[in-house]
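The next block holds one structure in the form of structure tokens; read it before the comments.
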Amino acid sequence: MQLQIFVPHCRPMAMRRLLLLLPVFLVLAGQMEHCGEARPQVPALMVFGDSLVDVGNNDYILTVAKANAPPYGRDFKDHVATGRFSNGKLLSDIIGEKVGFNGSPPAYLDPQASGKNLLLGANFASAGAGYYDPTTFILHVISLSQQLENFKDYTAKLEVEAGSRQAQSIISNSLYIISAGSADFANYYINPLLFTTRTADQFSDLLIGIFNNTVTQLYGTGARRIGVFSLPPLGCFPLAITVFGLGSNKCVPRLNNDSERYNMKFNAVVASLSKQHSDLKIVILDINKPLYSLSTSPEAQGFSKARRACCGTGLLEFGVFLCNTNSIGTFSNATTYVFWDSVHPSEAANEVIVDSFTNDINQLVI
């Protein structure tokens, strides 16, 4: 904002007075410009789910599913490993930026998730979590059902901090993000108690039923703007290709077919929820198509590697088991890699994924 002062035919004394007042005008102009800065499009952001959006809750629980040591976080602010399963920003961070925040709200178990910070929301996600509670038993992480309990605890704290009326306004106008399903299917594929007793379609039905109940619970608390991630192309993860690809370097069709059938059912349930609740804005944030495109045609979008991840061997590791401080073969530049480790996208890939559904996010917050 430029301040222009035009003084016609001023007398010397009047000119001196105007010059004395000039600093005041400049301060006011600065305040006006500051007041014109864009505000977040929603009062707060609430995040639930798994490692695609967990910004560090697992740092505060007893589990091996942690990403709080290098080389995780090496491209994040101050090069700190915060618990994010990436070299840098997660999908939740980038979505937060898209709607006007500095990134994701803090992990709910982080001491920073207190006081006035509660007014901006919280991140309840836990790496390794899924819709199906037994999925979390393997790694001893925070189940989605427990995340919902933590959210209830959060709302009580929010009422104390902001008062009941403002708290309810924040709850009803906030943006809610849900990311789950990937860990559930990872458990399904390796657990004979599941894959020998249920088909992939039957397991999908189970998960989608839990998802339906999750949204219903959130709606009951006042949530009205919900974005839910589709299931990614599970057969394109480097780990999946190594374990299930039978020597191929291409995505595993069987696993991708499972993802596609799940997503078709998922679409139908989301449409049904939207019809049931006329005041509910709920959209699917499709991570399947952009990640499949990146995995099968990385060069078309400026990437060079999709079969091999940047960290460790890039083929076999899951989380920190092989991608850690002593990892051999970790590459210095992650920006050309679709995957950071064998099951998590790089920050650069996360940017592309969120850009692909920016219009859907805007649909939720307008």
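Just so you know, these numbers come straight off a predicted model, no measurement behind them. Any value given below was found using the heavy atoms of this structure, including those in side chains, with hydrogens, waters and symmetry copies removed.
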| request: Kindly say whether V270 contributes a backbone atom to a donor-acceptor pair with the side chain of S274 at under 3.5 angstrom? | output: no
| field | Any donor-acceptor N/O pair, S92 side chain to V53 backbone, under 3.5 Å | value | yes
| message | Using 0.5 Å steps for rounding, measure from the NZ atom of K250 to the CG atom of N256. | response | 13.0 Å
| Whether R74 side chain and S332 backbone form a donor-acceptor pair below 3.5 Å | yes
| message | Applying side-chain hydrogen bond (donor to acceptor under 3.5 Å, both in side chains) to N57 and S126, what does each step give before you reach the verdict? | response | CA-CA 6 Å; N57 278 303; S126 176; over 6 Å; no
| field | Transitive ILVMFWY side-chain link L207 to I177, under 4.5 Å | value | yes
| remark: CG (N117) and CD (E161) are apart, to the nearest 0.5 Å, by 9.0 Å
| query | Is there a donor-acceptor pair closer than 3.5 Å between any side-chain N or O of D360 and the backbone N or O of L285? | reply | no
| task | Have a look at R84 and tell me which of D93, D341, D54 forms a salt bridge (charged side-chain N to carboxylate O under 4.0 Å, His left out) with it. | result | D93
| query | Between S104 and N123, is any side-chain donor less than 3.5 angstrom from a side-chain acceptor? | reply | yes
| query | For the side chain of K281 and the backbone of I366, is there at least one donor-acceptor N/O pair under 3.5 Å apart? | reply | yes
| message | Y108 and ring-ring contact (aromatic ring centres under 6.0 Å, His included): which single residue from F124, Y60, F48, F151 fits? | response | F124
| field | S145 and D133 side chains, donor-acceptor separation under 3.5 Å | value | yes
| request: Enter the distance from L231:CG to L291:CG here, rounded to the nearest 0.5 Å. | output: 10.5 Å
| Mind checking what makes ring pair (Phe, Tyr, Trp, His ring centres under 6.0 Å) contact with Y188, not counting sequence neighbours? | F203
| S293 side chain to K289 backbone, donor-acceptor under 3.5 Å | no
| said: Is it the case that the side chain of Q147 and the backbone of I142 share a donor-acceptor pair, with hydrogens and angles ignored and the cut-off at 3.5 Å? | reply: yes
| Taking atom NE2 of H79 as the centre, does the number of heavy atoms from other residues, nucleotides or ligands within less than 6.0 Å exceed 12? | no
| request: Measure from the side-chain N and O atoms of Q202 to the backbone N and O of T199, and report whether any donor-acceptor pair falls under 3.5 Å. | output: yes
| request: Decide salt bridge (Lys or Arg N to Asp or Glu O under 4.0 Å) for K66 and D59; before the verdict, give the C-alpha distance in whole Å, the side-chain angles of both, and the deciding distance to 0.1 Å. | output: CA-CA 6 Å; K66 295 179 185 287; D59 294 352; 5.3 Å; no
| query | Say you draw a straight line from CG of N350 to CG of L52; how long is it, rounded to the nearest 0.5 Å? | reply | 7.5 Å
| Atom pair CG/OG of N150 and S143 - distance to nearest 0.5 Å | 8.5 Å
| Under 3.5 Å donor-acceptor, N257 side chain and P253 backbone | yes
| request: Give a yes or no on whether the ring-centroid distance for Y337 and F331 is below 6.0 angstrom. | output: yes
| query | Say you draw a straight line from CG of N173 to CD of Q168; how long is it, rounded to the nearest 0.5 Å? | reply | 9.5 Å
| Minimum heavy-atom distance between L45 and P105, given as atom pair plus value | O-CG, 3.2 Å
| query | What are the two closest non-hydrogen atoms of F357 and D286, and how far apart are they? | reply | CD2-O, 3.7 Å
| query | Does Y292 OH have over 12 foreign heavy atoms under 6.0 Å away? | reply | no
| Expected output: side-chain T135 to main-chain Y131 donor-acceptor under 3.5 Å | no
| field | side chain to side chain donor-acceptor pair (under 3.5 Å) contacts in which one or both residues fall within residues 205-222, not counting sequence neighbours | value | D205-K265, Y219-D279
| said: For the aromatic rings, using the six-membered ring if either is Trp, is the centroid distance between Y72 and F85 under 6.0 Å? | reply: yes
